[in-house]
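These figures come from a predicted structure and were not determined experimentally. Below, read A as the first sequence line, B as the second, and so on, with proteins coming before strands; counting in each chain starts at 1.
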Protein chains: 2
Amino acid sequence: MTEPPHIGIVDDDPALLKALGRLLRSQKLRTTSYASAEAFLADFENVDLDCIILDVSMPGMSGLALQEQIHARRPRLPLLFLTGQGTIPMSVQAVKAGAVDFLTKPVDQAELMTALERALTEGAQANRDAQELTELRDRFGRLSARELEVLRHVIAGKPNKAIAAELGVSEQTIKVHRMRVTQKTGVNSVVALVRAADRLGIKAID
Amino acid sequence: MTEPPHIGIVDDDPALLKALGRLLRSQKLRTTSYASAEAFLADFENVDLDCIILDVSMPGMSGLALQEQIHARRPRLPLLFLTGQGTIPMSVQAVKAGAVDFLTKPVDQAELMTALERALTEGAQANRDAQELTELRDRFGRLSARELEVLRHVIAGKPNKAIAAELGVSEQTIKVHRMRVTQKTGVNSVVALVRAADRLGIKAID
DNA sequence: TGAACAATTGAACCAAAGTTCAATCCGTGA
DNA sequence: TCACGGATTGAACTTTGGTTCAATTGTTCA
């Protein structure tokens with residue numbers, strides 16, 4: 001990462017936005033502030049955030065509703081709640097929905113920074129995972145429908161002969177399809193094929 | 001399951017123990033009550049619980065500390081917090097540590113039963129998973145050290161020839177070891193071998 | 001319509017894996 | 001000490017998998 005992480009802040013309290021923005025920028029972080037959930041969503045597609053710090057109780061859409069919206073768009077983007085009007089049920093819901101933490105105002109700076117660091121670490125890991133997955137998806141996306149079908153039989157552990165019988169084609173055809181699969185995906189061993197297919201959610205045909 | 005689920009309740013309030021026990025028993029659930037975390041831990045080995053409902057603030061060991069103790073002994077046993085003196089940080093900590101829910105007194109009966117049902121469902125699933133894992137562990141535990149070593153090379157996707165070279169033995173030896181592995185574990189295909197080894201945390205040797 | 005691609009098959013061949021029978025060597029426990 | 005199980009190897013064999021060359025059919029896209 002050549003650029004510092006970019007933190008989004010959503011809170012209806014201008015004083016907090018200002019103070020928190022100043023604090024984070026002093027830690028060499030980039031920040032973008034939003035006064036409401038709606039303002040944030042309107043800008044969502046235009047910015048590339050690494051973490052979002054959001055209030056729960058705001059006029060208009062609540063922080064918890066915003067969490068749902070964000071989760072639907074970018075499931076692995078780490079969220080940090082920071083609120084003054086929070087309740088236990090709210091915090092439980094937020095954490096169960098995947099929030100990294102749920103802090104209460106006034107917040108201890110060290111506590112906030114610790115949570116933020118954790119969020120950024122998790123987000124970075126999630127990004128690496130997602131990138132690997134995208135690469136895999138690209139390579140397996142090149143497979144034809146038939147090749148994918150053969151693959152799904154292969155990762156069920158069937159021998160070529162059985163696959164050929166089930167598909168009503170010759171064993172040679174299966175071999176060619178398998179060859180194409182390894183060519184297109186770059187995955188040569190059955191072992192790696194199983195792991196890759198499992199990660200991509202490709203289901204075996206038993 | 002012929003027997004109804006068995007719920008443990010840990011709370012320092014005798015009135016709550018009594019009321020909650022009555023409620024759960026009316027729902028065809030078995031219950032066992034404990035007045036303190038210490039009392040619960042002393043009895044832990046003797047009972048077979050499916051879920052535990054526990055208070056946070058109790059004289060002596062707190063509910064959160066008890067959660068740690070329970071988690072160390074039975075990581076997948078579902079926990080449900082039910083407390084009157086809870087705080088947001090407590091609830092966040094509990095949920096992050098894996099608690100199914102964190103409810104506040106006075107609790108809505110329907111809410112409690114919903115959470116409890118979810119806890120029991122999760123616990124039952126965890127039990128099924130654990131049982132499958134135990135069976136697998138048994139079968140793979142029969143492997144000799146050498147056979148396990150060969151297996152770890154196999155699930156790295158290496159051909160027998162390469163494994164033989166790395167271990168400084170002949171290819172025939174590897175074949176025999178592999179045959180023993182499939183005999184002892186009952187797993188015939190490489191595909192199934194990879195999945196089983198991965199679930200057991202058996203690491204490949206690359 | 002012609003080019004390009006997917007799917008299919010056959011033949012022949014080589015490499016890898018699995019099986020069976022037989023044998024040797026080494027440590028551990030009875 | 002002797003028997004037993006684990007590790008090792010060899011030989012011979014079968015099955016399965018992977019590769020190459022060549023060819024046919026159907027569909028789709030320009």
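- The distance between atom CD of Gln183(A) and atom P of dC5(C), rounded to the nearest whole Å, is 14 Å.
- If you measure from atom CG of Asn188(A) to atom C1' of dG18(D), you get 12 Å, rounded to the nearest angstrom.
- Considering only side-chain N and O atoms, Ser144(B) lies under 4.0 angstrom from the phosphate OP1 or OP2 of dA7(D).
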Val150(A) vs Glu147(A), side-chain contact (heavy atoms from CB on, under 4.5 Å): CA-CA, chis, key distance, verdict:
CA-CA 5 Å; Val150(A) 169; Glu147(A) 285 157 358; 5.7 Å; no
Taking only nitrogen or oxygen atoms into account, show me every contact under 3.5 Å that the protein makes with nucleotides 14-17 of chain C, one pair per line with its distance.
residue: dA16(C); atom: OP2; partner: Lys161(B); partner atom: NZ; Å: 3.1
residue: dA17(C); atom: OP2; partner: Asn160(B); partner atom: N; Å: 2.9
residue: dA17(C); atom: N7; partner: Lys175(B); partner atom: NZ; Å: 3.1

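- Among dA11(D), dG10(C), dT8(C), the nucleotide with an atom closest to any side-chain atom of Gln172(B) is dA11(D).
- A straight line from CE of Met179(B) to C1' of dC21(C) spans 11 Å, rounded to a whole angstrom.
- The phosphate of dT9(C) has OP1 or OP2 within less than 4.0 Å of a side-chain N or O from Ser170(A).
- Screening Ile53(A), Asp55(A), Leu103(A), Leu64(A) against Phe81(A) for a side-chain contact (heavy atoms from CB on, under 4.5 Å) leaves a single residue, Leu64(A).
- Judged purely by atom type and a 3.5 angstrom limit, Gln67(A) uses its side chain to pair as donor or acceptor with the backbone of Ala94(A).
- Atom NE2 in His177(B) sits roughly 16 Å away from atom P in dT19(C) (whole-Å rounding).
- Under a 3.5 Å cut-off, the side chain of Lys158(A) and the backbone N or O of Ile163(A) do not form any donor-acceptor pair.
- Applying the side chain to side chain donor-acceptor pair (under 3.5 Å) test to pairs two or more places apart or on separate chains, those with a residue in residues 89-103 of chain A are Ser91(A)-Ser91(B), Lys96(A)-Asp101(B), Asp101(A)-Lys96(B).
- We find that CD of Glu149(A) is positioned 14 Å from C1' of dT8(C), with the value rounded to whole Å.
- Per the geometry, CG belonging to Leu167(A) stands 12 Å off P belonging to dA7(C), to the nearest Å.
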Please tabulate, one pair per line, each protein N/O and nucleotide N/O from nucleotides 22-28 of chain D that are separated by under 3.5 Å, including the distance.
none

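- With Leu20(A) as reference, Leu82(A) is the one residue of Val107(A), Leu82(A), Asp11(A) to meet the side-chain contact (heavy atoms from CB on, under 4.5 Å) rule.
- Contact annotation: Arg146(B) side-chain N/O to dT8(D) OP1/OP2 distance is under 4.0 Å.
- The interatomic distance linking Ile163(B) (CD1) with dT9(D) (P) rounds to 14 Å, in whole Å.
- Thr134(A) contributes a side-chain N or O that, together with a main-chain N or O of Ala130(A), makes up a donor-acceptor pair within less than 3.5 Å.
- Looking at Asp12(B), its side chain never comes within 3.5 Å of a backbone N or O of Ala35(B) through a donor-acceptor pair.
- Here the C1' atom of nucleotide dA7(D) and the CD atom of Glu147(B) are 9 Å apart, to the nearest Å.
- When atom types are taken as modelled, the side chain of Thr121(A) and the backbone of Glu117(A) share a donor-acceptor pair closer than 3.5 angstrom.
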